[in-house]
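The structure that follows is given in the form of structure tokens.
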Amino acid sequence: MPTSRNTAPKRPRLDWRFVKRFCRIVRVLFPSWCSQNVVMYGTLLGVTLLVQLVVYQVGLIPSQFYSVLSEKNYGKFKELVAFSVLLILLISALKSLEQYICNVLYISWRKCLTQSLHQDYFSRWVYYTLNVLHKDIDNPDQRMTQDAERLCKQLSSMASRLVISPFTISYYSYQCFNITGWIGFVSVLGYFLIGTVANKLLIGPVVSTLVEQEKLEGNLRFKHMQIRVSAESAAFYRAGKVEHVRTDHRLQSLLHTQRKLINWEFLLYLGVNTFDYMGSILSYIIIAIPIFAGVYDGLTPGEITALVSKNAFVCMYLINCFTQLIDLSTTVSDVAGYTHRIGELQEVMKDISRKQCDPDCSTVEMGNLDRDRETLSTSSNAAIVLDKLSFTSPVSEDLLVKDLSLRVYEGTDLLVVGNTGAGKTSLLRVLNLLWEPCNGSVQMNTCFGPRGIMFLPQKPFLTDGTLREQVIFPLKDIYPAAGSVDDERILRYLELAGMSSLLKRTGGLDEKVDWNWYDVLSPGEMQRLCFARLFYLQPKYAVLDEATSALTEDAEEQMYRACKQLGMTLISLGHRSSLKQYHDIMLRLCGGGQWELTQLEKR
Ligand SMILES: Nc1ncnc2c1ncn2[C@@H]1O[C@H](COP(=O)(O)OP(=O)(O)OP(=O)(O)O)[C@@H](O)[C@H]1O
């Protein structure tokens, strides 16, 4: 497990690492040369270019008006008014279209990026390692939702401006050079360079503070999430006061960082605004140079006015192009912050995924069932073979289990007992490949999932959705056949688990419910619903981690008898002595790595 708790996190910057991460994200946003996003982006560039051409024409209109009015030419004036109206209609249409394409591109990019992150997150058990074991990365959920959304929004707003800038800058530089000579052009360029250096110095702290702020924002939301999920338990403890203090504490840290951020942003905005306004004065100074130098002495006052107007437009627009580039620096700082957060998540997920070697049948898919049966019939008799297995918890050096050798055969039920924290559930984590053993080996000759091995975890997992979706979970589709056959099976197993009353509460198998299953079901009901799921899926091996802890002994007997009738081999974890009667062998974890195996008398 890679940990870097002792090393300070690297400050996110506009550096080579940023370039690499950004390129990786761009590859996700543009999956191939002929993808829809490339076409859309190309169209956006085309429209932006058209906007620039029309803007140039619109910019020349005042100088034409000066010329026409100084000549008092009524015919030309009428033509010019009609032409101006036409150009204005055209530019409004083009700018609206440009904005529209930006928005469509934003949605399409968000889809690509979030789906790609989901792909890595839900592959194998990356989500488990990331959330439970991997503490180096904060708030993966926030990175996949909010950060991805903001990155796409910012990128779509600046994407075309950034690419089109070199062309407009070249064109207006050429015009500026033609009219004012090299002094005008060099002045504008020098002005831009000074602005860039100043902004670069200010962006660095803004990027790192922004990343910090996003992290704290996620922490605060997580705290609220925690209260929401555990509202009832908190209320029993009357924990409002202490949780209030803790939540406010997180809020304080967030606000402190936000204050730091707005201080840095104040300096950045100061630079940006000064640059903007100085730019407008600079344009007149540049225009004044050839006029005072006598270059245009031969022109009439009307022609000089028209020329000054045209020159003013060209110079101001060139400065405006540069200014826009500088203004983009604030957007670039946001983009850099989000790029680092998302890029880091991608790297960590890829790294985890690479380490999680894929057991060929760990996925739960209907299509795997036939292959699963083949695997079972050709494999060794023992479903699980543990050979000198030793493991610790991820944060401790002390062995929970040392040199455990054990074989689990079909039809031989195993009970695992031991004191609190002795490592019973951890043994399941190792069997499930969630934790790596530090010694020995685990050989799973049976597939995970329906028809193979199914785990009923200590904390029941209820998905969102209808009653049917709860029962058939983790299958995506009904099995073995849709329609009344499957409905009958579900109803039969709900009844067997003592949960047929749920049908009335939900209003049917496929009625959407507007409640959170965890809030409305009692712990015992949740456990019964998980048994209904088990009866429906009928795996060969059922691993039950204190799965009846919230049930009476009678109800426990009912569940265990049903499992046996359905032909399941059981591996149970628990504290109750009543469990012994349903099992053949007992593994006792004695602590400090010690363990013992005993034969049991089944009733
Ligand atoms: N994600 C984790 N990170 C670090 N330590 C963990 C983690 N999960 C469990 N542990 C520790 O590993 C040890 C064994 O835990 P485990 O859940 O296996 O106990 P158990 O025998 O199942 O206990 P119980 O009877 O209470 O369910 C405990 O000390 C626990 O705190």
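In each ligand, atom 1 is the first atom listed, and ligand 1 is the first ligand listed.
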_Flag for Glu469-Thr466: side-chain donor and acceptor within less than 3.5 Å_ =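 There is such a pair (donor and acceptor under 3.5 Å, judged by atom type) between the side chains of Thr466 and Glu469.
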
*For atom 7 (C) of ligand 1, decide whether some protein heavy-atom distance is shorter than 4.0 Å.*
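So far as the 4.0 Å threshold goes, atom 7 (C) of ligand 1 is in reach of a protein heavy atom.
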
*Record the part of Tyr128 in heavy-atom contact with ligand 1 below 4.0 Å; permitted values are side chain, backbone, both and neither.*
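No part of Tyr128 is near ligand 1 at this cut-off.
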
*Are any of the protein's heavy atoms under 4.0 angstrom from atom 31 (O) of ligand 1, yes or no?*
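Looking at atom 31 (O) of ligand 1, one finds that no protein heavy atom lies closer than 4.0 Å.
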
*For Thr548 and Glu556, test the side chains for any donor-to-acceptor distance below 3.5 angstrom and give the result as yes or no.*
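A pair is found: one side chain offers a donor N or O, the other an acceptor, under 3.5 Å apart.
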
*Kindly identify the option in Ser396, Pro394, Ser393, Gly423 whose heavy atom sits closest to atom 12 (O) of ligand 1.*
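Nearest option to atom 12 (O) of ligand 1, by heavy atoms: Ser393.
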
_Test salt bridge (Lys or Arg N to Asp or Glu O under 4.0 Å) on Asp120 and Lys350; report intermediate values, then the result._
CA-CA 7 Å; Asp120 290 340; Lys350 288 265 183 272; 2.9 Å; yes

*asked:* Considering non-hydrogen atoms of the protein only, which is the closest contact for atom 16 (P) of ligand 1, and what is the distance?
replied: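 Going by distance alone, atom 16 (P) of ligand 1 is nearest to Ser426 OG, 3.5 Å.
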
*Give a yes or no on whether a salt bridge exists between Arg150 and Asp334, defined as a side-chain N under 4.0 angstrom from a carboxylate O.*
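No, Arg150 and Asp334 are not salt-bridged.
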
*Below 4.0 angstrom, N of the basic side chain to O of the carboxylate: do Arg21 and Glu344 qualify?*
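Judged by the 4.0 Å cut-off on N to carboxylate O distance, Arg21 and Glu344 do not form a salt bridge.
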
_Check Glu214 with Arg143, please: is the shortest side-chain N to carboxylate O separation under 4.0 Å?_
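Between Glu214 and Arg143 there is no salt bridge, as every charged N stays at least 4.0 Å from the carboxylate O atoms.
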
*atom 25 (O) of ligand 1: nearest protein contact (heavy atom, Å)*: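 Checked against all protein heavy atoms, atom 25 (O) of ligand 1 sits closest to Lys424 NZ, 2.7 Å.
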
*asked:* Tell me the protein heavy atom at minimum distance from atom 10 (N) of ligand 1, and give that distance in Å.
replied: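 The answer is Trp435 CH2, 4.0 Å.
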
*Out of Leu400, Thr420, Val416, Val417, whose heavy atom sits nearest atom 26 (O) of ligand 1?*
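Looking at heavy atoms only, the winner is Thr420.
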
*Looking only at heavy atoms of Gly418, does any of them come nearer than 4.0 Å to an atom of ligand 1?*
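No heavy atom of Gly418 comes that close to ligand 1.
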
